[in-house]
Amino acid sequence: MRLYKFYSARWAREALDRKRLKISTLSDINDPFEFGALSASTKEERAALNRSRCGLMKNKGIVSFSDSWKSPLLWSHYADNHAGIALGFDVAPDLLTKITYPKDKPKLSDFLRENGELDPTVGTLAASVKANEWAYEREHRLILGISDPKDRVSGLHFVEFGDKIKLKEIIFGANYQSLNDQLWTDELVGQGVIFTTARMAFGSFEIVKQKQKSSCKIL
């Protein structure tokens, strides 16, 4: 499945130099409702939800993608106000969790057993639900196990490019600045990678491909 990651030019180059993607953990994701977007009306339900949330993400992290690169908001929020880059990957569908965006929170009480414990299926739901305001992201995510050692320099966790996460596209933002940048090479990005420049659409609020081809590949 073709999916996209958005970066500033600096962090796109970092990802490509090292051929890896950062794994986000519960402590550094940008949605405070993450893995807990369920309606809990009592103290007991909230305690059960917190236990589930912490247990679900213990020793796990996520890599988030979008199934489209045409949203202006994605470029504004995650790609340096359209001056960054989107990387397109073919990701094995069996690894992915698709996010849904309901207007109302699912009720935790629907998953509570008589003994006060949560049905295990609530974990799958919690991992795939976000508020409706996030719907523009059209997110699909990898949920990955993490363990030490972390990267020795950054202290972070990463997943490497490979057969199930293949780089296929590089899309330069509409405000991308190429001055004094280094050349892209097949050694850096691999064979068969498609290069595209984005622009604002003339007749809609959408980001589209610039049809005029460039003679050079630059970062």
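Just so it is clear, the structure is predicted and the values come from calculations on it, not from any experiment.
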> Is the closest side-chain heavy-atom distance between Met1 and Phe65 below 4.5 Å?
Replying inline: no
>> For Thr196 versus Ile194, what's the shortest heavy-atom pair and its separation?
In response: OG1-CG2, 3.9 Å
> Where do Leu87 and Ala15 come nearest, in terms of heavy atoms and distance?
Replying inline: CD1-CB, 4.4 Å
> Is the backbone of Gly145 close enough, under 3.5 Å, to the side chain of Asn59 for a donor and an acceptor to pair up by distance?
Replying inline: no
> Between Tyr4 and Ile170, is there a shared hydrophobic cluster once you connect ILVMFWY residues whose side-chain heavy atoms come closer than 4.5 Å?
Replying inline: no
> If you round to the nearest 0.5 Å, how far is OG of Ser24 from CG of Leu142?
Replying inline: 11.5 Å
>> Strictly distance-based, threshold 3.5 Å: is any side-chain N or O of Lys209 a donor or acceptor partner for the main-chain N or O of Thr197?
In response: no
>> Restricting to non-hydrogen atoms, name the atom on Lys22 and the atom on Leu156 that form the minimum distance, rounded to 0.1 Å.
In response: CE-CD1, 3.8 Å
> Is it the case that more than 12 heavy atoms not belonging to Lys166 sit under 6.0 Å from its NZ atom?
Replying inline: no
>> Ignoring hydrogens, what is the shortest heavy-atom contact between Pro106 and Pro102? Give both atom names and the distance.
In response: CD-CG, 4.5 Å
>> Could you report the tightest heavy-atom contact between Ala198 and Trp69, atom names first, then the distance?
In response: CB-CZ3, 3.9 Å
>> Test your reading of the model: is there a side-chain donor-acceptor pair from Trp75 to the backbone of Lys70, 3.5 Å cut-off?
In response: no
>> Among Arg141, Glu137, Arg138, exactly one meets side chain to side chain contact (heavy atoms under 4.5 Å, CB included) together with Ile99. Which residue is that?
In response: Arg141
> For Asp94, does the CG atom sit with more than 12 other heavy atoms under 6.0 Å from it, leaving out its own atoms?
Replying inline: yes
> How long is the span from the CD atom in Glu169 to the CD1 atom in Ile85, to the nearest 0.5 Å?
Replying inline: 13.5 Å
>> Using the rule given for salt bridge (Lys or Arg N to Asp or Glu O under 4.0 Å), can you reason through Lys19 versus Glu160, listing the C-alpha separation, both sets of side-chain angles and the distance that settles it, and then say yes or no?
In response: CA-CA 6 Å; Lys19 294 181 171 54; Glu160 295 182 352; over 6 Å; no
>> Are Leu96 and Tyr101 connected into the same hydrophobic cluster when the rule is that any two of I, L, V, M, F, W, Y join if their side-chain heavy atoms are below 4.5 Å apart?
In response: no
>> More than 12 heavy atoms of other residues, nucleotides or ligands under 6.0 Å from CG of Asn30: yes or no?
In response: yes
> What distance separates Asp31 CG from Leu26 CG, expressed to the nearest 0.5 Å?
Replying inline: 10.0 Å
> Looking at NE2 of His157 and CG of Leu144, how far apart are the two atoms once the value is rounded to the nearest 0.5 Å?
Replying inline: 11.5 Å
> How far does CG of Leu3 sit from CD of Glu139, to the nearest 0.5 angstrom?
Replying inline: 10.0 Å
> If two hydrophobic side chains count as joined below 4.5 Å and joins carry through other members, does Val193 share a cluster with Ile165?
Replying inline: yes
> Can you find a pair of side-chain heavy atoms, one from Leu16 and one from Leu167, that are under 4.5 Å apart?
Replying inline: yes
> Should the heavy atoms of other residues, nucleotides or ligands under 6.0 Å from CZ of Arg18 be counted, would the total exceed 12?
Replying inline: no
> Do the rings of Tyr176 and Phe172 sit parallel, tilted or perpendicular, given the 30° and 60° boundaries?
Replying inline: tilted
>> Could you check whether Ser76 and His82, counting side-chain N and O atoms only, form a donor-acceptor pair closer than 3.5 Å?
In response: yes
> According to a 4.5 Å side-chain heavy-atom criterion applied to Ile, Leu, Val, Met, Phe, Trp and Tyr, with indirect links allowed, do Tyr7 and Leu74 form part of one hydrophobic cluster?
Replying inline: no
> Backbone N or O of Thr25 within a donor-acceptor pair of the Asp28 side chain at under 3.5 Å?
Replying inline: yes
>> Tell me which one of Phe6, Tyr136, Trp134 satisfies ring pair (Phe, Tyr, Trp, His ring centres under 6.0 Å) with His77.
In response: Tyr136
> Between Ala9 and Ala83, which heavy-atom pair has the shortest distance, and what is it?
Replying inline: CB-O, 4.5 Å
> Taking side chain as C-beta onward, heavy atoms only, is Leu38 less than 4.5 Å from Lys105?
Replying inline: no
> Can you tell if the side chain of Ile207 reaches within under 4.5 Å of the side chain of Met200, non-hydrogen atoms only?
Replying inline: yes
> Same cluster for Phe158 and Tyr78 if Ile/Leu/Val/Met/Phe/Trp/Tyr side chains link at under 4.5 Å?
Replying inline: no
> Would you say Leu21 and Phe89 make side-chain contact, with heavy atoms under 4.5 Å?
Replying inline: yes
>> I need the Arg20 CZ to Glu14 CD distance, nearest 0.5 Å.
In response: 6.0 Å
> When you look at Arg199 and Val208, which way does the side-chain contact (heavy atoms from CB on, under 4.5 Å) test go after all the steps?
Replying inline: CA-CA 6 Å; Arg199 65 166 174 83; Val208 297; 3.5 Å; yes
> Where the side chain of Thr100 meets the backbone of Ser128, is there a donor-acceptor pair that is under 3.5 Å apart?
Replying inline: yes
>> Strictly below 4.0 Å, N to O, side chains only: are Arg10 and Asp80 in salt-bridge contact?
In response: no
> So, does Asp67 use its side chain to make a donor-acceptor pair with the main chain of His140 at under 3.5 Å?
Replying inline: no
